[in-house]
Amino acid sequence: MIDYQRQQHPHQPYAPQPPYAHPYQQPYQPQPHPQPPAVPEPVGDIRRVLSAGIDGAITIFAGFGLAHQLADDKTVGVFWGYVAACFFGVSFVHHVLGAVLFRTTVGKLLLMTRVVREADAGRPRFWQTVRRWLLGLTWLPLQPLWSLFGAEGELYEDACGLRNVRSKDLR
């Protein structure tokens, strides 16, 4: 015998029906909050010093070469003015614009390092790199003076929120 009270009619308005799901759609699962990217460890002192040396040599040679081209038959005083302007111009383009656009300079590229923000490993900001460039211009010439006064002469820690990291650690 058929029990009509237990059997529900498919067109009955209050009959329980399964929720509609697209055949390719997965059921909703809440996603965990995204974690900030891990900032890689900074490179060692040797890579940092070597890349600074390569970048410094490029800046000096390119600055003198450009000044020689611009001030070909000028007096000695004008020539040295051109040398100073070219040195600072090449240094700015190489260290600031190179770091902002490409996250590296030529010396860092040869040693496979990149410049990243210390907070989130993102691309360095323009004013951070300008402060870092100015700090580097003042820090390097003052190192012999600091060593005369008994300071340890430690490699400077970047106070501008930027860090040099290995390229392979960013992948």
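Values below: all heavy atoms of this structure, side chains included; hydrogens, waters and symmetry mates excluded. Small disclaimer: the values here were computed from a predicted structure and weren't measured.
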Polar side-chain atom of [X] near backbone of [Y] as donor-acceptor pair, under 3.5 Å:
X: Arg117; Y: Arg123; result: yes
X: Arg163; Y: Pro40; result: yes
X: Thr113; Y: Arg166; result: no

Going hydrophobic residue to hydrophobic residue with side-chain gaps under 4.5 angstrom, can you get from Val165 over to Met112?
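No; tracing contacts between hydrophobic side chains, which count when under 4.5 Å, never links both residues.
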Do Phe61 and Tyr82 belong together in a cluster built from hydrophobic side chains that touch within less than 4.5 Å?
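They do not share one cluster, since no chain of ILVMFWY contacts under 4.5 Å joins Phe61 to Tyr82.
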Which atom names give the shortest non-hydrogen contact between [X] and [Y], and what distance separates them?
X: Gly107; Y: Ile54; result: CA-CG2, 3.5 Å
X: Thr104; Y: Leu109; result: OG1-N, 3.1 Å
X: Pro124; Y: Leu162; result: CB-CD2, 3.5 Å
X: Arg103; Y: Val116; result: NH2-CG1, 2.9 Å
X: Gly63; Y: Cys86; result: O-CB, 3.4 Å
X: Arg132; Y: Asn164; result: NH2-OD1, 3.1 Å

Should Ile46 and Val49 be marked as a side-chain contact (heavy atoms from CB on, under 4.5 Å) after you check the CA-CA gap, both sets of side-chain angles, and the distance that decides it?
CA-CA 5 Å; Ile46 299 213; Val49 169; over 6 Å; no
How does the hydrophobic cluster around Trp133 look, that is, which other residues are in it when side-chain heavy atoms under 4.5 Å mark a link?
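Via sub-4.5 Å side-chain contacts, Trp133 links to Ile60, Phe64, Val76, Phe79, Trp80, Val83, Phe87, Phe88, Phe92, Val93, Val96, Leu97, Val100, Phe126, Trp127, Val130, Leu134, Leu137.
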Quick one: which residue pairs count as a side chain to side chain donor-acceptor pair (under 3.5 Å) with a foot in residues 49-75, not counting sequence neighbours?
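Residue pairs with at least one partner in residues 49-75: Asp55-His94, Asp55-Thr105, Asp55-Lys108.
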To the nearest 0.5 Å, what is the distance between CZ on Arg114 and OG on Ser167?
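Here the interatomic distance stands at 3.5 Å.
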